[in-house]
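Working notes, structure below.
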Amino acid sequence: MYNFEKIEKKWRKYWEENKTFKTDIWDFSKPKFYALDMFPYPSGVGLHAGHPEGYTATDIVSRMKRMQGYNVLHPMGYDSFGLPAEQYAVKTGNNPNGFTDANIETFTEQLKSIGFDYDWSRVIKTSDPKFYKWTQWIFKQLYLDGYAKYIDMPVNWCEELGTVLSNDEVIDGKSERGGFPVVRRNMKQWVIDQVAFAERLLAGLDEVDWPESTKEMQRNWIGKSIGAHVVFKVKDTDKEFKVFTTRCDTLFGATYCVMAPEHELVDMITTDDKKDEVEAYKKLCATKSDLERTELNKEKTGVFIGAYAINPVNNKEIPIYISDYVLASYGTGAIMAVPAHDERDYEFAKKFDIPIIQVLAKNIIGSGDSAIREDRPITEREVVNAIIKHPTEDKYLCVHNKKFNWINFVMGGIEGDESPTDAAIREVKEETGYTDIIIDKELEFLYFDNFYQAQKEVNRHITCHTVVGKLNSLERIEISEEEQAIADVEWIDSNELLKVLSTEAHRYDALRALNDEGAYTEDGTHINSGFLDGLNEEEAIDTMISWLEENNCGSRQVNYRMREWIFARQRYWGEPMPIVYLEDGSIHILDDNELPLVLPELKDYKGHGGKAPLENAVDWKKYDHKGIKGVREVSTMPGSAGSSWYFLRYIDPDNEEEFANQELLKHWMPVDLYIGGPEHAVGHLMYSRIWNNYLYDKGLSPVKEPFKKLVHQGMILGSNGIKMGKRYPEFAVNPLDIVKNYGADTLRLYEMFMGPLEASKPWNQQGVEGAQKFLDRVYRLYESGKIKEESNKNLEKIYHQTVKKVTDDFESLGFNTAISQMMIFINAVYKEDVFPLEYAEGFVKLLNPVAPHITEELWEMLGHNETIAFASWPTYDEAKIIEDTKEIAVQVNGKVRATITISIDEDEDSIKNKALKAENVLKHTEGKEIVKVIVIKGKIVNIVVK
RNA sequence: GCCUGAGUGGCGGAAUUGGUAGACGCACAGGACUUAAAAUCCUGCGAGAUUCAACCCUCGUGCCGGUUCAAGUCCGGCCUUAGGCACCA
């Protein structure tokens, strides 16, 4: 066993003493490569098994790039503002600084022990005033440009934590940290108007090489929806209100409106007789936490406020309700409700017995033999389908047409002024003879069926009604001979219906009759809609928007789900805001030379009664500077402030004049490879894009998108296949134990060999031993004396293949397959007596990014006295990879029957001949007719026989 | 409910544009070395049928169907699972 302890210690010392990985940031002579890891929060428990995974991945790429001649920037730092340090301060009364620094020291030591190639001279921490000076400075610019605002707005308030939370810190109505209930409350808040960036954020996603899932999450989070504003006048008042809708085409079906209980108009238009009821409902909603609201949203609640709105399109008076299913914070806080075509409105209308008007009808179009024929006339018809249940069994009445072998429900035309129900009863009697019929209901939504009826040579345009009922008894009369000749009665089991019914129309009916019908939310043809009749959804939306605009009662409108970013927390351990409130109530922002505004030391770090801890800093709070007097803002910035721009600061961490030198930024941005956990898919990665986008607009960042390529490492699970954590501590793995017992190189190799970087995968202790065994096997090979300055033709091809595969796979982050190829190579070398020096050196370089310590040692054993870190990356010769002969498979009817060896330039006829003559092929072709021989050059031969 | 992914041996996982499924590793089994064990080296290892044995044969990438000379890979319909969103009008 090679002595990993001694070797690893030796080389870490060497790198540190020789400053091997210090980046010469001003050296623009080489191409640059910026590899970035998501910096950790320095918690007290130190690194966990997941950290080294992503960090090793960037480490491998940066080491390879360095050897390929790039100037590499691979920095590390600490996101050191955060809740645990605050809680520690509250508990002990000590400043979080000391606690944080101690943790950082542990982290640094642990990171160093794994042998990453970080430039430790550029470490930053977000809680360092030298760093947060510039966080404050950027915030100041946002304020001066009108993006940072102090406004009154409803916020997520968590009583337990005593602070406001952003939407992504609230999960299911509970705080992300601690799981405490969160309620909505109106408060004056510092916010950043991120909605102003929405379009640019969406467009930027098309430019970056990110996982599709992450892009999709960001798009959903931005939540762009295109629709229209429609203005409704309130009857008998001069008031009007706007609603936002994506379905203005259904306006003719709007049978009521709903406002959020908090809507400003509610109090003004509620009629006197409804005031008490409305007040009571508003109070109920206000005291409900978000949690209760989500839990209770199973059933719709609401109150009619007595007022009516005028539907602009037909001047109908429709009632106005308030309900908490309409959110004050989205759209205009009011909606038009179209119960026929919206699930939520449907549910509400059912409960409050509000009319439902169908304005869209499903339009079934025949295909194949029943496709509409242009050259035939169209006949219109109105029919009813009768879905009749058996009196005792779970079966439905169908008729089996003898001539066409169709099975359908009883169906027939509606005649004169007959109702669908009457027509159904009549048809059932006529066609089946059953007389004891009870019709329960007519389905709410009619539909159209369009098809070509071959036996009558006409196109049918049928309006279909559907009734559902049952037989009370099997009482039956004789049916006419004519009817008998056409069809037989058949009872079909309910779960067979969908398989057995012959037409799409009847299957659609069965589906609706057997389940609750609900709203019709698909596309269709407009009906009951005046000038929209006959149009489909898309056409109708355009037509309606034009109409609204012409008549001054609405307009096209884009809406976003994303809201303002609440940018203040009632906490101590965060960046103080550079804001002062003057006596006249106006806001004063600090001069640049007053930055950084440093956090004061406190005796008591707890905020009392929901107030910010900085309220306790009585002297600090008072502001008196150059004759300006006021009170400082006591909230601090959220945790995501510093991390929103830290990647820029790494480039120039000690600059005291600006957040980073512009020339350096121009050279080094964007980040070429960014690796971190998927949990930051929206939060941090969105905020960073917003800040960078803003700085780009100001000309302070050279690129629109800061992270060119992004990859999320998967989670490393416990050996039980479950997430490591407090729940199953016996399955958790501490990476430092692995470093101690097996070595850092083994840890790195193992974590990279476990599987694809992005997949989550369970830990396997025997796999760790396997990784160590491989390194030991390599080490023994280099000690064996096989390495000679000779050539060995047997290894030529596999060596060049290995160089190519490893280079390509490192580039595409396929570390597991790269390592697999290195194992294959070593296995091959073991079978040989001579390991040419050239290949031995090349292999050490390939392995170096994964296992840097042992390879430095091997490099030294090969006679080098300088680090391998800058040795030139091995190259391969494509010509040596191409094999002059190749074994390919011969299939007969798609099944492999033999393999033949062909030479690389062999012509097709010769290959064909060889294939046909192969022994086992002859067995399978004997006595059969050879239909076709397919030869795919260099790949496969397939012989088709009959 | 909606949006993304993912389902391959005992296990982690490989398989270019469709072209010999199971690379590599782990586990397991056998052998060599050893007084013995460990370590190391070599060999085997999807399931089944058959055979003294080898060849050979059948089945096999979540399920059902389709396209193709050829499907883990493409298409349609399901099932399971992970992550995200969730009264967003």
Side-chain angles (χ1 to χ4, degrees), chain A residues 1 171-172 211-221 223-225 227 243-248 250 258 293-294 296-298 300 323-327 329-338 342-345 347-348 559-563 678-679 681-682 712 714-715 719 721 749-750 753-756 758-771 773-774 776-777 780 808 814 816-827 830-831 887-899 919-920 923-924 931-945:
Chain A
M1 184 66 58
I171 293 165
D172 287 336
E212 201 43 53
S213 58
T214 304
K215 291 190 191 183
E216 204 49 37
M217 276 166 74
Q218 294 213 346
R219 287 192 193 103
N220 290 341
W221 190 76
K224 180 178 181 173
S225 72
V243 304
F244 175 73
T245 176
T246 54
R247 294 300 305 275
C248 64
T250 61
V258 189
R293 256 166 115 145
T294 20
L296 294 177
N297 78 29
K298 305 227 151 55
K300 296 271 178 292
S323 171
D324 64 358
Y325 88 88
V326 172
L327 308 174
S329 49
Y330 183 78
T332 62
I335 62 158
M336 64 179 215
V338 185
D342 181 282
E343 296 288 357
R344 296 149 298 169
D345 298 346
E347 200 185 316
F348 190 88
N559 206 35
Y560 301 96
R561 190 182 303 194
M562 172 199 227
R563 299 168 213 166
E679 65 274 18
V682 279
H712 300 300
M715 203 185 315
S719 48
L749 180 77
Y750 172 65
F753 187 58
M754 285 172 88
E758 297 181 58
S760 40
K761 44 222 168 230
W763 189 269
N764 177 355
Q765 194 59 30
Q766 280 161 331
V768 177
E769 285 159 25
K773 219 153 74 177
F774 173 67
D776 195 37
R777 200 165 140 87
R780 271 184 281 114
D808 292 351
N816 54 333
T817 47
I819 292 166
S820 152
Q821 182 64 38
M822 289 194 265
M823 289 171 168
I824 292 169
F825 178 71
I826 289 301
N827 288 346
Y830 257 79
K831 294 197 173 71
E887 195 174 79
I888 63 165
V890 182
Q891 300 181 326
V892 178
N893 283 350
K895 288 196 171 111
V896 179
R897 296 301 182 189
T899 55
E919 192 189 348
N920 198 40
K923 244 194 256 175
H924 286 89
V931 182
K932 212 193 302 186
V933 180
I934 293 148
V935 180
I936 308 293
K937 262 206 144 181
K939 287 199 170 152
I940 205 161
V941 178
N942 193 5
I943 301 161
V944 187
V945 298

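Proteins get letters first, then strands, A, B, ... in listed order; numbering begins at 1 in each. Just so we're clear, the structure is a prediction, and the values are computed from it rather than from any experiment.
- Residue A:N942 is in base contact, counting any heavy-atom pair closer than 4.0 Å across all strands shown.
- Separation of the C1' atoms belonging to B:C87 and B:A82 is 26 Å when rounded to the nearest angstrom.
- A distance of about 11 Å separates the P atoms of B:U16 and B:C74, rounded to the whole Å.
- Annotated as anti: B:G84, whose O4'-C1'-N torsion sits more than 90° from 0.
- For the atom pair A:N893 CG and A:I943 CD1, the distance stands at 9.5 Å (nearest 0.5 Å).
- One C1' atom belongs to B:A14, the other to B:C26, and the distance between them is 15 Å to the nearest Å.
- No hydrogens or angles were tested; on distance alone, nothing pairs the side chain of A:K923 with the base of B:C56 as donor and acceptor under 3.5 Å.
- A:H924 comes within 4.0 angstrom of sugar-phosphate atoms only, judged by non-hydrogen atoms across all strands, and of no base.
- Within the nucleic acid shown, A:N893 has no heavy atom closer than 4.0 Å to any nucleic acid atom.
- Within the nucleic acid shown, A:S225 comes within 4.0 Å of sugar-phosphate atoms alone, with no base atom in reach, counting heavy atoms only.
- The gap from the P atom of B:A54 to that of B:A71 amounts to 30 Å, rounded to the nearest Å.
- The closest side-chain heavy-atom distance from A:F753 to A:M822 is not below 4.5 Å.
- Between B:C45 and B:C56, the distance separating the two P atoms is 13 Å to the nearest Å.
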